[in-house]
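Chain naming here is simple, since letters A, B, ... match the order of the sequence lines and numbering starts at 1 in each.
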Amino acid sequence: MEVPILKQGAFLIATFQAALSDADLNQLRMGLVQQVVKFRSRAVIVDVTAMDVMDSFASRTLREIAHMIRLRGAETVIVGIQPEVAFAMVQLGLTLEGVATALDLEEGLAYLNEKFKVTN
Amino acid sequence: MVGEIRVAINSDQDIVSARQKGRVVANELGFSSGDATLIATAISELARNIVSYARKGLITIKKVNGHNREGIAVIAADEGPGIPDIRQALRDGFSTSGSLGLGLPGVRRLMDEFEITSQLGKGTTVAVKKWRQ
Amino acid sequence: MISKRDVASVPPESKRNEEPSELLRELVAHLRQNRTQLREEWVVRISETRLLTAMTKEEIFAEATSVYDSYVEALETEAFEALQAYARNLSERIIPRGVETHEVVGIVLLLRDVLARSLFAKYQNDFKKLNRILDAYEPAANRIANTVAVGFVQERERVIRQQQEAIRELSTPVLQVRERLLILPIIGVIDPQRARQLTEQLLRGIRTNRAKVVVIDITGVAAMDVTVANHLVQTVEASRLLGATVIVTGLSPEIAQTLVTIGVDLGKMNTVGDLQGGIEQAERLLGYKVATLAEQS
Ligand SMILES: Nc1ncnc2c1ncn2[C@@H]1O[C@H](COP(=O)(O)OP(=O)(O)OP(=O)(O)O)[C@@H](O)[C@H]1O
Ligand SMILES: [Mg+2]
């Protein structure tokens with residue numbers, strides 16, 4: 001399953017689908033890092049609104065994505081975690097420590113625009 | 001729901017279908033959608049451990065009856081290498097694969113009952129239950 | 001609970017002359033003929049026994065009429081669904097009036113008694129027939145009493161559950177004090193079930209109100225065990241996953257101690273002494289100017 005990556009000004013937006021397999025996640029990780037370098041993006045928004053389960057693997061992948069993107073000088077914001085998914089995540093012990101989060105895409109963009117003071 | 005549902009776990013694709021089936025059964029049994037999410041997440045962890053450590057196995061999902069209550073049982077069984085030290089494996093942060101080591105202890109927190117048996121060279125079975133509120 | 005088959009398995013002796021259904025038909029005819037008088041007798045007995053005191057005479061009479069007719073119909077058809085539905089409906093109407101379970105069971109038993117007495121009077125000269133009629137009548141009458149009682153108790157339980165639910169919702173209100181700012185004042189005893197409910201409610205509240213800052217005030221919490229303290233920590237973490245910052249206020253030294261014991265780094269948790277201070281910090285985070293602080297600085 002392909003994860004669409006959208007370029008929006010200085011930011012990239014990746015939208016997760018509900019049923020991503022591990023292979024999809026790995027592919028996304030590689031794709032995102034490549035594009036950040038290619039477009040010199042300042043930030044990446046990963047939209048997980050459609051994900052109804054966030055297990056340790058998906059969570060670890062998100063953390064790795066954030067880490068690799070930070071090494072390339074950009075920031076990652078995870079948006080759209082559903083309330084029930086958030087509850088399950090913290091029960092598991094997954095807190096995405098060190099990664100920025102926002103309620104949804106709109107909030108994520110507002111946060112980044114404020115931070116980088118750019119108008120898209 | 002008729003009998004029990006079995007999902008053969010052979011690849012990471014099967015992890016997704018196992019947890020989706022788990023959610024469907026949980027909904028049918030009248031679990032809240034919050035609980036169904038907890039159950040689906042637990043299934044995802046157990047199925048992933050099968051793929052990561054035993055390569056293949058079987059997830060069984062079924063309804064269970066207790067004293068005055070109904071619940072769901074999930075059994076993850078494989079014939080993989082087994083776990084040498086179960087207590088260690090249940091500790092937060094212990095992992096032999098460089099992962100977070102949160103799967104098994106996390107599943108224990110997500111569900112109401114948790115049982116694990118493992119024999120070196122024979123395999124591992126994790127059986128968990130959650131009761132409906 | 002009693003199943004339909006119970007009525008069919010009336011003792012075999014009663015089959016000697018008439019079939020039980022034949023006897024029941026005769027019985028039903030008798031009850032229909034004497035409807036006005038028997039119903040009147042019943043209503044008098046109800047008020048004598050001081051049952052249904054929460055209801056007016058007219059109301060009692062109206063309900064008595066419906067119950068009497070449903071009762072006779074159930075005897076005739078041996079179908080209890082209609083009676084069951086009526087019992088539930090009746091319960092729904094009278095439970096809010098404060099009618100108790102013993103009153104409902106009481107009036108049905110009274111009716112059984114009134115009808116049995118009239119059978120005695122009618123068949124007093126034919127003792128054998130009386131016995132057979134009573135054999136047919138009793139199991140059916142018991143089942144009716146049972147159906148009504150069970151229906152009432154079930155309805156009552158449902159109402160109680162609903163009320164408890166409502167009380168719980170009320171005792172954990174998520175308040176929006178201004179745009180993007182929620183306050184969750186927790187009062188009283190928290191058990192794990194309530195803790196979970198509280199968390200789910202807050203997370204939903206964050207989403208629907210698009211909150212960015214949440215102040216959880218635990219001044220009113222008497223005590224907190226390790227399980228509940230863990231819940232508090234998880235609530236803070238889950239809120240952050242939705243993009244909201246949590247400020248905890250009103251932390252007592254005892255609760256702070258519990259948190260430290262379970263390994264919570266209080267430095268990581270955003271704590272402020274009291275609710276007022278918490279709201280002021282929240283407003284700063286949201287970018288509002290806080291008058292009192294502006295003067296100080
Ligand atoms: N089915 C299994 N067969 C063999 N070993 C297993 C099995 N499940 C778990 N283990 C062992 O137990 C350890 C702990 O498992 P757990 O799921 O808690 O963490 P993890 O899989 O290492 O990391 P995470 O689940 O957080 O990604 C694993 O590292 C592995 O050594
Ligand atoms: Mg695991």
Side-chain angles (χ1 to χ4, degrees), chain A residues 1-3 15-31 46-68 71 76 78-99 101 103-104, chain B residues 9-24 26-27 31-53 55 74 76 89-95 97-112 114 128 130:
Chain A
M1 199 181 297
E2 193 85 7
V3 177
T15 309
F16 277 29
Q17 310 302 311
L20 285 184
S21 70
D22 299 2
D24 297 330
L25 282 171
N26 283 328
Q27 204 187 328
L28 170 74
R29 180 171 54 187
M30 296 319 297
V46 180
D47 187 352
V48 298
T49 307
M51 290 193 82
D52 65 341
V53 166
M54 183 84 81
D55 61 10
S56 60
F57 185 84
S59 181
R60 184 160 60 107
T61 308
L62 285 179
R63 258 173 47 168
E64 283 170 8
I65 287 174
H67 183 69
M68 290 169 81
L71 289 179
T76 305
I78 313 290
V79 305
I81 297 176
Q82 299 300 308
E84 289 165 2
V85 174
F87 186 72
M89 285 174 74
V90 298
Q91 296 273 305
L92 261 182
L94 307 169
T95 55
L96 291 179
E97 214 167 300
V99 185
T101 48
L103 188 68
D104 52 20
Chain B
I9 306 295
N10 296 304
S11 74
D12 61 316
Q13 299 280 354
D14 300 327
I15 300 173
V16 175
S17 64
R19 72 179 183 225
Q20 284 172 342
K21 286 189 177 122
R23 186 187 286 280
V24 170
N27 286 336
F31 279 96
S32 70
S33 72
D35 273 344
T37 301
L38 300 183
I39 292 161
T41 308
I43 293 174
S44 196
E45 292 299 332
L46 296 176
R48 188 175 311 286
N49 279 353
I50 290 178
V51 173
S52 306
Y53 308 112
R55 303 254 299 282
V74 177
L90 289 178
R91 211 174 294 146
D92 270 326
F94 175 82
S95 174
S97 61
S99 190
L100 301 173
L102 289 174
L104 288 177
V107 168
R108 202 175 182 178
R109 285 188 290 266
L110 291 170
M111 304 295 280
D112 294 331
F114 181 97
V128 295
K130 194 168 192 70

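Using a 4.5 Å cut-off between heavy atoms, Arg19(B) touches chain A through its side chain atoms alone. For Ser32(B), no part lies under 4.5 angstrom from a heavy atom of chain A. Proximity to chain A (any heavy atom under 4.5 Å) is restricted, for Arg23(B), to the side chain, taken from C-beta onward. Heavy atoms closer than 4.5 Å to chain B are found in the backbone of Met54(A), but not in its side chain.
Chosen from Leu94(A), Val85(A), Asp52(A), Leu92(A), the residue pairing most often with chain B at heavy-atom distances under 4.5 Å is Leu92(A).
Taking CG of Asp55(A) as the reference point, atom CG of Leu102(B) lies at 11.0 Å (rounded to 0.5 Å). Rounded to the nearest 0.5 angstrom, Gln82(A) CD and Ser33(B) OG are separated by 10.5 Å. Taking CD1 from Ile15(B) and CZ from Phe57(A), the interatomic distance works out to 8.0 Å, rounded to the nearest 0.5 Å.
Here Ser52(B) pairs with Arg48(B) under the side-chain contact (heavy atoms from CB on, under 4.5 Å) rule; sequence neighbours left out.
Scanning both residues, Arg109(B) and Gln91(A), for their nearest heavy atoms gives NE-O, 2.7 Å. In this structure, Gly98(B) and Arg60(A) approach most closely via the heavy-atom pair O-NH1, 4.1 Å. Here the closest heavy-atom approach between residue Leu100(B) and residue Ser56(A) is recorded as CD1-O, 4.0 Å. Listed here is the closest heavy atom pair of Thr41(B) and Ala88(A): OG1-CB, 3.8 Å.
Applying the side chain to side chain contact (heavy atoms under 4.5 Å, CB included) test between Phe87(A) and each of Asp35(B), Leu38(B), Thr37(B) identifies Leu38(B) as the sole match.
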